[in-house]
Each structure stands twice: as C-alpha cells, then as structure tokens.
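Keep in mind that what you see is a predicted model, and the values were worked out from it rather than measured. Just follow the structure's listing: the first ligand is 1, and inside any ligand the first atom is 1.
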Amino acid sequence: ARGEEKRSYCCCLRELKRVPKCHVELEPLAFSRTHTIFIDVNEFRESRKLRPQPGQPVWHKDFVKMPFSPECHIRKTGFVSNTEVVRWQEVSKQLDNLARKTNASVADIEKAIKKYNPKYEDQWSFDALHAFVQKAPKEENYYSSVLPKMAKLASNLPNWIPKAIPLLQKGQSRSITLSQMQIACLLANAFFCTFPHRNSQNPRAEYHNYPTINFNSLFGVWSEKKREKLRALFHYFHTVTNQATHLQGLVTFERRCIRDKDMPNWMSCKETLPKLYITSKGCIEEEGTGMLQVDFANNMIGGGVLGSGLVQEEILFLMNPELIVSRLFTERLGDNECLFIKGSQQFSGYCGYSDTFEWAGPHRDDIPRDEWMRLHRQIVAIDALHFRQMREQYNMGQITRELNKAYCGFKPDDNIPSDYIPDIATGSWGCGAFNGDPKLKALIQLMAAAKVQRNVAFFTFNNVSLEKDLKNMYDLLVSQKTTVGKLYELLGDYCAVTRLTSSPVDLSVWLRNTLEPRSQL
Ligand code: AR6
C-alpha cells in the first residue's frame with residue numbers, strides 16, 4: 001500500500017556462499033595436457049615441499065622467451081666490429097654485482113638495466129625512481145638495502161623456473177600453477193627489465209598482443225600516483241626478500257575460453273534472477289572475501305598497472321602484486337574469454353581511489369589455504385567494452401557480448417555441486433573508465449549470474465542513489481518473476497526506444513513504466 005515501506009527482496013550478506021566454507025575437496029595436484037605445474041608434484045604430494053620442477057627453457061612462439069635462454073643474445077657495439085653475446089651472461093653479471101652490495105642506488109640500477117637493454121639507453125627514464133627514493137621519508141627508506149636482495153632473487157631465475165612457461169594464448173583454455181616464490185622471482189626479473197622481446201611498442205612486434213611486463217614504464221615520469229604504486233611494490237619485494245617470510249603457497253592462472261556455440265541462447269533462458277545483496281558501503285575485496293571477486297579488467301590483463309592507470313584493476317594488482325605476473329603470459333583476452341586467478345596473496349592495504357589513492361601499509365593475509373596450498377581467494381578478470389559514446393552500448397550486439405563475457409567469468413567448473421560454489425562479489429563493472437551504464441551493466445551481470453545459478457553481492461562503491469535504484473529495479477523484476485529470456489527481450493525493446501530519443505531514458509524508470517504502467521497513474 002501507498003506510504004508503507006515495502007519489504008525488499010534483496011538478501012543479507014550472510015546468506016551468500018563463500019569459500020572455504022563451501023569448498024569441495026580438490027583432487028590431488030596433477031599435471032594434465034592443459035595444466036602446467038612448475039613445482040615437483042610428487043614431492044609436493046609426499047612432503048608438501050615446493051621444489052621447482054626441472055626442465056629446459058624453450059625458445060619458441062608458444063612459450064615465454066626467458067632471459068636465460070641460450071638463444072637470447074645482445075649486440076655489443078665495439079670500435080671495430082659488433083659482437084653478439086649471450087644476454088644472460090650480461091644480465092647475471094649485472095645482477096650479481098648489485099646483489100653483492102649492501103646498498104644499491106637508483107643510479108646503480110639504471111646503469112645495470114641499461115647494460116643489457118642497450119637499445120633503450122636513451123629512451124628509458126628513471127626520474128620517477130630517483131625522485132621516489134630521494135623523497136622517501138626516513139622511516140620508509142629501506143629501498144637501497146632491498147634492491148640488492150631483489151637482484152639476488154632475480155638472478156636465481158634459472159634455478160627457480162628452469163622449465164618453459166607456456167603462453168596462455170587466444171582461443172585456448174589452459175592453466176599454469178606457480179609457487180609464490182617463483183612468482184616473486186619472475187616479478188623481480190620484471191623489475192630489473194630482463195624479459196627479452198617485451199619492450200617494443202611496434203604494432204607488428206612479436207608480443208604486441210601481450211601486456212608489457214618489464215617495469216621500465218614505472219620508473220619514468222614522476223607523479224604522486226607513481227609514488228604510491230612504488231610504495232606498494234617495494235613493500236611487496238621487501239616482504240618476499242625477507243628471510244623470515246615464508247611464501248609457502250601456490251597460485252593458479254587459468255585462461256578460459258567458451259566457444260560461441262556453447263554460449264547461452266539468452267532469449268530462451270528460463271531462469272529468474274538470483275539472490276542479490278546490494279550495498280553502497282564496503283568493497284569487493286573486503287566484504288566479498290571468499291566469493292568469486294570480479295576484476296574490472298582490461299583485455300590486456302592488469303591494464304595500466306605498470307603505467308599511469310590507478311582504478312579498480314590496477315589497485316587490485318598493486319595490493320596483490322602476484323597478479324601482475326599474469327601479464328607475462330596472458331595474451332589479450334578475446335570476447336569469449338576470461339582469466340581466473342586462484343590463491344594470490346594480498347600484501348598491502350589502500351585508501352582513496354585514483355588521484356587520491358594511497359598505499360596504506362602492510363596487510364596481513366590470514367585467509368586459509370586449500371589442498372593445493374593456495375589461499376582461498378578467487379579472482380576473475382573480465383573486460384567490459386569501452387564505450388567512447390554512452391549511446392553505443394544500447395545495442396543488442398554489445399549487450400550480448402557483455403552477457404557472454406560475464407557468463408564466461410561466472411560459469412563454475414563442471415561437476416561441482418551448487419552448494420559448493422561460492423557466490424559472486426562485483427559492482428559497477430565497465431562503468432568507470434569504460435563509460436558503461438551502471439544499471440544496464442548490473443542487470444547484465446545479474447542475468448549472467450542467474451544463468452549459472454550463483455547469487456550476487458553488489459557493491460556500489462559509495463553510490464547511495466545507485467544502491468536505491470538497483471534495489472527498486474531488482475524488487476520489481478523479482479516481484480514479476482521476470483525470466484532472463486524475458487529481460488533479454490525487454491532490453492531489445494529498450495534499445496529500440498533509446499535509439500529514437502535524443503537522450504536515453506533511464507533503464508530502471510523505463511522498466512517500471514513498461515512492467516508496471518499502473519503504478520505511474
Ligand atoms: N569495489 C567495488 N567497486 C569498485 C571498486 C572496488 N574495490 N573499485 C572501483 N569500484 P573501473 P571499468 C567502482 O573504472 O570501467 C582499468 O584501467 C567505482 O565506482 O576500474 O571496467 C582497467 O585496466 C568505479 O567507477 O572499471 C581497464 O582498462 C567502477 O567500479 C579499465 O580500467 C568501475 O571501475 C576498466 O574500466
């Protein structure tokens with residue numbers, strides 16, 4: 001009745017499922033054709049030890065080109081002639097020199113990095129790194145002593161990861177499991193810019209379809225944002241190079257690709273909307289702990305984390321730097337693909353956002369581990385479309401693309417009973433840097449979640465009016481028992497109407513007018 005507060009259909013946070021409570025015991029860790037593991041699996045099964053799996057680097061288009069591969073050369077220009085030397089000789093010489101110091105200056109780092117990247121001697125700037133160390137407050141200035149330890153870790157790469165790392169290429173579903181120490185070693189190499197063939201900006205370059213991995217882009221062009229990024233990253237390296245730190249777990253990176261013919265026929269979906277918890281308070285990574293947490297990704301995973309970007313994905317990657325290593329081997333995501341990361345550790349906390357972002361100090365991650373010694377943290381990277389014009393998104397082609405993308409990210413592994421599937425923690429995916437309509441995108445995510453029968457915790461990130469509007473929209477659709485198929489059809493009508501008007505009608509208003517015309521009287 002009028003005037004009375006209607007009861008909402010939204011649920012409470014505690015009704016949603018989370019790991020480890022809803023975790024189904026894993027099969028013993030094992031290699032497969034599509035799962036490459038970088039530790040000795042037998043030893044892991046017997047004694048839980050994380051010893052690197054022996055192997056050989058492979059200089060091939062399907063594998064990460066490692067800096068210690070014998071095929072990797074640099075050209076040294078002499079007075080009389082040019083000579084080619086094995087690049088790792090130079091890299092390990094430079095890293096070992098740094099490792100022998102008790103304190104290393106930024107000038108030492110710059111000199112070393114340029115020795116084995118002679119092509120970039122005049123192009124790469126280290127201004128930001130210089131300014132960062134100079135301006136650091138005394139109590140935080142451990143940088144010069146941590147740099148030699150990082151160099152030592154980096155130079156141990158052939159021992160930590162002797163085996164070739166397959167690239168997670170377009171169109172393939174496959175996984176990689178690395179130990180946290182192996183990831184630390186790879187990231188130390190990224191810091192010292194040792195990865196070959198990864199620096200060219202040329203659109204025809206071998207790795208043009210991969211994100212950058214060497215950290216050189218973080219070292220130039222000083223800004224306050226860069227300072228905060230470097231604080232977070234140095235904290236990570238400080239922690240992982242500390243003798244007393246035991247990085248004792250594994251992390252799995254899984255690229256998943258769903259063929260077009262296996263995508264749902266949205267028009268005929270009979271599911272109704274799942275449970276929804278919605279709030280303007282809190283954020284995905286805290287209140288959503290234990291759920292599948294959505295990374296509002298770029299199709300180049302990690303987006304601008306090594307450059308100037310500093311929104312949801314970049315912040316997530318800075319707080320959990322192990323995620324950054326995915327840039328080494330994940331090819332640009334296609335429309336029907338996503339990347340899952342299980343087991344990454346959170347090392348830092350933050351406050352603020354974008355221009356006001358600040359590193360807020362160490363984070364103690366005490367979430368439990370699964371049988372494969374991975375932390376119970378599941379993240380899925382799904383990239384929304386980037387709309388330069390808001391209007392572009394009111395089109396069923398684009399809407400179907402977004403539905404399929406969310407479906408790919410939300411679909412659980414086959415054969416897991418539904419009681420053992422954690423729910424989804426998300427928010428305004430695609431609606432910040434990518435300019436999407438938050439109500440349309442919320443609906444799209446709810447439809448995809450309905451299709452896979454998972455409930456949703458939705459964080460509007462301080463947006464109180466969005467919380468209210470989404471709640472009303474959800475209540476309307478649940479009270480009318482609207483199915484996903486019906487909603488898909490309604491969205492088609494909405495797009496048709498929107499195309500005819502100069503400024504789009506608000507989706508929640510339009511739905512109310514369409515589904516409950518009498519309430520407008
Ligand atoms: N929890 C909940 N909501 C959040 C959080 C959080 N931790 N952080 C931000 N939001 P955006 P996009 C809200 O712009 O539009 C990156 O560069 C906040 O309201 O990060 O998909 C990627 O690499 C924010 O406005 O996602 C891509 O290149 C909204 O979520 C690109 O941005 C959207 O966050 C993706 O942009």
S.K.: Where is the nearest protein heavy atom to atom 30 (O) of ligand 1: which residue, which atom, and how far?
M.R.: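 I find the closest protein heavy atom is F296 CE1, 3.3 Å.
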S.K.: Going by distance only, is there an N or O of W429 that falls short of 3.5 Å from an N or O of ligand 1?
M.R.: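 The answer is no, given that W429 and ligand 1 share no N or O pair closer than 3.5 Å.
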S.K.: May I ask you to identify, for F434, whether its side chain, its backbone, both or neither come under 4.0 Å of ligand 1 on a heavy-atom basis?
M.R.: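 Both backbone and side chain.
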S.K.: State yes or no: are the ring centers of F234 and F132 separated by less than 6.0 Å?
M.R.: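 Yes; F132 has its ring centre under 6.0 Å from that of F234.
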S.K.: Considering both backbone and side-chain atoms of C431, is one of its nitrogen or oxygen atoms within less than 3.5 Å of a nitrogen or oxygen in ligand 1?
M.R.: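 Among all N and O atoms of C431, at least one is under 3.5 Å from an N or O of ligand 1.
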S.K.: Answer with side chain, backbone, both or neither: which part of A384 has a heavy atom less than 4.0 angstrom from an atom of ligand 1?
M.R.: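 It is neither; nothing of A384 touches ligand 1.
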S.K.: S428 near ligand 1, heavy-atom distance under 4.0 Å?
M.R.: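 Right, S428 reaches ligand 1.
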S.K.: Starting from atom 20 (O) of ligand 1, locate the nearest protein heavy atom and write down its residue, its atom name and how far away it is, to 0.1 Å.
M.R.: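 Sorting protein heavy atoms by distance from atom 20 (O) of ligand 1 puts Q312 N, 3.0 Å first.
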S.K.: Can a donor-acceptor pair be found between the side chains of N404 and W266 at a distance below 3.5 Å?
M.R.: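 A pair is found: one side chain offers a donor N or O, the other an acceptor, under 3.5 Å apart.
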S.K.: Of all heavy-atom pairs between R255 and Q169, which one has the smallest distance, and what is that distance?
M.R.: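 Heavy-atom minimum between the residues: NE-O, 3.2 Å.
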S.K.: Counting each atom of ligand 1 from 1 as listed, which ones have a heavy atom of I284 under 4.0 Å away?
M.R.: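 By the 4.0 Å cutoff, the relevant atoms are 1 (N), 2 (C).
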S.K.: Using distance alone, with no hydrogens and no angle criterion, decide if Y236 and Q345 have a side-chain donor and acceptor under 3.5 Å apart.
M.R.: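 No, no side-chain donor-acceptor pair sits under 3.5 Å.
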S.K.: Which ligand 1 atoms, with their elements, are less than 4.0 angstrom from a heavy-atom of G303?
M.R.: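 Matching atoms, with element in brackets: 23 (O).
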S.K.: With only distance considered, is V311 within less than 3.5 Å of ligand 1 through an N or O on each side?
M.R.: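 So ligand 1 has no N or O lying under 3.5 Å from an N or O of V311.
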S.K.: Quick one about N202 and S200 (side-chain donor to acceptor, distance below 3.5 Å, no hydrogens or angles considered), yes or no?
M.R.: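 Distance-only check fails for S200 and N202.
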S.K.: Take every heavy atom of G430, measure it against each atom of ligand 1, and state whether any distance is under 4.0 Å.
M.R.: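 G430 counts as a contact of ligand 1 under the 4.0 Å cut-off.
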S.K.: Tell me whether the centres of the aromatic rings in Y394 and Y494 are closer together than 6.0 Å.
M.R.: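 Judged by ring-centre distance (under 6.0 Å), Y394 and Y494 do meet the cut-off.
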S.K.: Which protein heavy atom lies closest to atom 28 (O) of ligand 1, and at what distance to 0.1 Å?
M.R.: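 That would be N298 ND2, 2.8 Å.
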S.K.: Are R401 and D383 ion-paired here, with the side-chain N under 4.0 Å from a carboxylate O?
M.R.: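 Looking at R401 and D383, the cut-off is met.
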S.K.: Strictly by modelled atom types, are T212 and R327 linked by a side-chain donor-acceptor pair under 3.5 Å?
M.R.: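 Yes - a donor-acceptor pair under 3.5 Å links their side chains.
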S.K.: Report yes or no: does D437 contribute a side-chain atom to a donor-acceptor pair with the main-chain N or O of K439 at less than 3.5 Å?
M.R.: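 Between the backbone of K439 and the side chain of D437 there is a qualifying donor-acceptor contact (under 3.5 Å).
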S.K.: Within ligand 1, which atoms have a heavy atom of Y350 less than 4.0 Å away?
M.R.: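 Within the 4.0 Å cut-off of Y350, ligand 1 contributes 7 (N).
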S.K.: Which of the numbered atoms in ligand 1 are below 4.0 angstrom from a heavy atom of E313?
M.R.: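 Counting from 1, the qualifying ligand atoms are 22 (C), 23 (O).
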S.K.: Can you list the ligand 1 atoms lying under 4.0 Å from a non-hydrogen atom of E314?
M.R.: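 Near E314, the atoms of ligand 1 are 16 (C), 17 (O), 23 (O).
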S.K.: Which atoms of ligand 1 sit under 4.0 Å from any heavy atom of G432?
M.R.: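 Per the distance check, 14 (O), 15 (O), 25 (O), 33 (C).
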S.K.: To which protein heavy atom is atom 9 (C) of ligand 1 closest, and what is the distance rounded to 0.1 Å?
M.R.: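 The closest one turns out to be Y353 OH, 3.2 Å.
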S.K.: Heavy atoms, side chains only, cut-off 4.5 Å: are R377 and Q346 in contact?
M.R.: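 Of all side-chain heavy-atom pairs linking Q346 with R377, at least one is under 4.5 Å.
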S.K.: Could you tell me whether the side chains of H130 and E110 share a donor-acceptor contact shorter than 3.5 Å?
M.R.: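 Yes, because at least one side-chain N or O of H130 sits under 3.5 Å from a partner of the opposite role on E110.
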S.K.: Between E285 and ligand 1, is there a nitrogen or oxygen pair with a distance under 3.5 Å?
M.R.: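 Min N/O separation from ligand 1 is below 3.5 Å for E285.
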S.K.: With a 4.0 Å cut-off on heavy atoms, is G309 in contact with ligand 1?
M.R.: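 In this structure, G309 fails to qualify as a contact of ligand 1 - no heavy atom is under 4.0 Å.
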S.K.: Purely on distance, is any nitrogen or oxygen of F461 under 3.5 Å from one on ligand 1?
M.R.: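 No.
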S.K.: To the nearest 0.1 Å, how far is atom 14 (O) of ligand 1 from its closest protein heavy atom, and which atom is that?
M.R.: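 Minimum-distance protein heavy atom for atom 14 (O) of ligand 1 reads A433 N, 2.8 Å.
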S.K.: Under a plain distance cut-off of 3.5 Å, with no hydrogens placed, do S280 and E467 share a side-chain donor-acceptor pair?
M.R.: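 A donor-acceptor contact under 3.5 Å links the two side chains.
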S.K.: Do K17 and D423 meet the salt-bridge criterion of a basic N to acidic O distance under 4.0 Å?
M.R.: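 The answer is yes: the pair qualifies as a salt bridge.
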